2 protein chains.
Amino acid sequence: MRVPPTTLPAEPTHARRFGKARTAQASAVLEDYAELIADLLASEGEARPTDIARRLGVSHATAIKAISRLKREGLATARPYRGVFLTEAGERLAARVRERHRLVVDLLVALGVPAEAAEQDAEGIEHHVSDATLAAFSRFLKAR
Amino acid sequence: MRVPPTTLPAEPTHARRFGKARTAQASAVLEDYAELIADLLASEGEARPTDIARRLGVSHATAIKAISRLKREGLATARPYRGVFLTEAGERLAARVRERHRLVVDLLVALGVPAEAAEQDAEGIEHHVSDATLAAFSRFLKAR
DNA sequence: TGATATTTGTAGCCTAGGCTACATTTTTCG
DNA sequence: CGAAAAATGTAGCCTAGGCTACAAATATCA
Ligand SMILES: [Mn+2]
Ligand SMILES: [Mn+2]
Ligand SMILES: [Mn+2]
Ligand SMILES: [Mn+2]
């Protein structure tokens, strides 16, 4: 049957949007680990694989593999039985991610989302917020 | 060294947040497919695997495998060389996802995010927006 | 009609990110 | 000190979601 193609030749626009979302997803896990490690280092003085695993709700084996990936990407180092540390790059990433997380939560709360729902949604949303959107959130919070 | 555990016994709260984000991510792909198939059916009268793949920016083999998963989950049916169709459940999902997508884009645009950035970010954000947040978005758009 | 082009399907490979089970190392404490 | 507990690490398995390469079916059109 295949009706005449009215308008759908290459559609690079939609494809690019989905591709961006996929890329963002790929970095989401590492971002969460970096943010969490920074938090634990700040609040506890150290970031042990076991604590990281418990906070993320995954097995310690899963956490250790992710930490290996962080090391491979040059974001973290680890001393056995001494915990995980962030490299310069890891700290920069963590700082950026923490700030972004805070901004997303603040915006949701400002729009009337209950605190716990805001925290929960932000945990996923944060990884898909571009700089342009982040700037818009910031403007809104400042202006209201 | 292991300083005395000040406060971090079980931490089920953080774990639950991360877990929710992981769950949301798991359904993201199927949601996008359902939404896209509904769009293609509406605008072109049919949804061919090849067109789906092009719009998503993936190989046709990838699209076909995802379509198999849709079928397995009871969300779609397919007639070879006739394209893909949505079941009742698939249509309900698509309708919900489309509405949610629109609302997220509208909110971002209302906050001053440029149109294309809004579309791009929404493609990822939409999968992490709870009903509570959705309601807040809706209220904001109505009230301003 | 029959050759060619397109579409669809299959096979096999890869990585990320989960898991459990088991092994090893380090800490803790009686 | 030495045994028990805890933490860390390793091995092996699974699924989702990508890919390329090849095979088969269908459509198109000269
Ligand atoms: Mn997160
Ligand atoms: Mn976060
Ligand atoms: Mn999407
Ligand atoms: Mn969408």
Side-chain angles (χ1 to χ4, degrees), chain A residues 1-5 8-9 15 18-34 36-37 40 44 46-73 75-85 124 127, chain B residues 1-5 8-10 15 18-33 36-37 40 44 46-73 75-85 124 127:
Chain A
M1 206 135 302
R2 204 80 248 259
V3 289
L8 73 171
F18 287 111
K20 281 272 178 67
R22 280 193 297 271
T23 300
Q25 195 49 44
S27 41
V29 169
L30 293 192
E31 290 181 351
D32 282 339
Y33 273 84
L36 173 54
I37 290 167
L40 287 172
E44 309 297 325
E46 58 179 12
R48 299 297 189 98
T50 297
D51 295 332
I52 294 169
R54 184 175 47 233
R55 280 278 284 267
L56 290 173
V58 299
S59 73
H60 81 277
T62 295
I64 286 173
K65 272 213 276 190
I67 291 165
S68 297
R69 216 170 326 119
L70 282 173
K71 291 191 274 190
R72 198 207 312 152
E73 308 267 337
L75 296 169
T77 59
R79 303 212 314 275
Y81 294 85
R82 277 288 148 76
V84 183
F85 304 90
H127 308 286
Chain B
M1 206 135 302
R2 204 82 245 264
V3 287
L8 72 171
F18 287 112
K20 281 272 179 66
R22 280 193 297 271
T23 300
Q25 195 49 44
S27 42
V29 169
L30 293 192
E31 290 181 352
D32 282 339
Y33 273 83
L36 173 54
I37 290 166
L40 287 172
E44 309 297 326
E46 59 178 13
R48 300 297 189 98
T50 298
D51 295 332
I52 294 169
R54 183 176 46 231
R55 281 277 283 267
L56 290 173
V58 298
S59 74
H60 82 275
T62 295
I64 285 173
K65 272 213 278 190
I67 291 164
S68 298
R69 215 170 326 120
L70 282 174
K71 289 191 274 189
R72 197 207 314 154
E73 307 267 338
L75 296 168
T77 59
R79 304 212 312 277
Y81 294 86
R82 276 289 148 75
V84 183
F85 304 90
H127 308 285

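Because the structure is predicted, anything quoted here is derived from the model rather than measured.
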- Message: Of the listed nucleotides (C/dG9, D/dC19, D/dG9), which one gets closest to any side-chain atom of B/Pro80?
- Response: C/dG9

- Task: State, yes or no, whether a side-chain contact exists between A/Glu46 and A/Asp51 at a heavy-atom distance under 4.5 Å.
- Result: no

- Message: For D/dT8 and A/Thr50 - does any side-chain N or O of the residue sit under 4.0 Å from the phosphate oxygens OP1/OP2?
- Response: yes

- Nearest-angstrom distance from the residue atom CZ of B/Arg72 to P of D/dA16: 5 Å

- Can you check the A/Leu30 CG to C/dA16 P distance for me, whole Å? 9 Å

- Item | C/dT15 OP1/OP2 closer than 4.0 Å to side-chain N/O of A/Arg22 | no

- Message: Can you tell me which nucleotide in D/dT8, C/dC19, C/dT8 comes closest to the side chain of A/Arg48?
- Response: D/dT8

- Item | Closest to side chain of A/His60, choosing from D/dT8, D/dC19, C/dG9 | D/dT8

- D/dT20 phosphate, OP1 or OP2, under 4.0 Å from B/Ser59 side-chain N/O: no

- Message: Heavy-atom nearest nucleotide on DNA chain D for A/Ala78 versus B/Ser27: which residue maps closer to 5'?
- Response: A/Ala78

- Message: I'd like to know if B/Tyr81 reaches the base of C/dT7 with its side chain such that a donor and an acceptor end up less than 3.5 angstrom apart.
- Response: yes

- Task: Hey, which sits more toward the 5' end of DNA chain C by its nearest nucleotide, A/Val29 or A/Ala61?
- Result: A/Val29

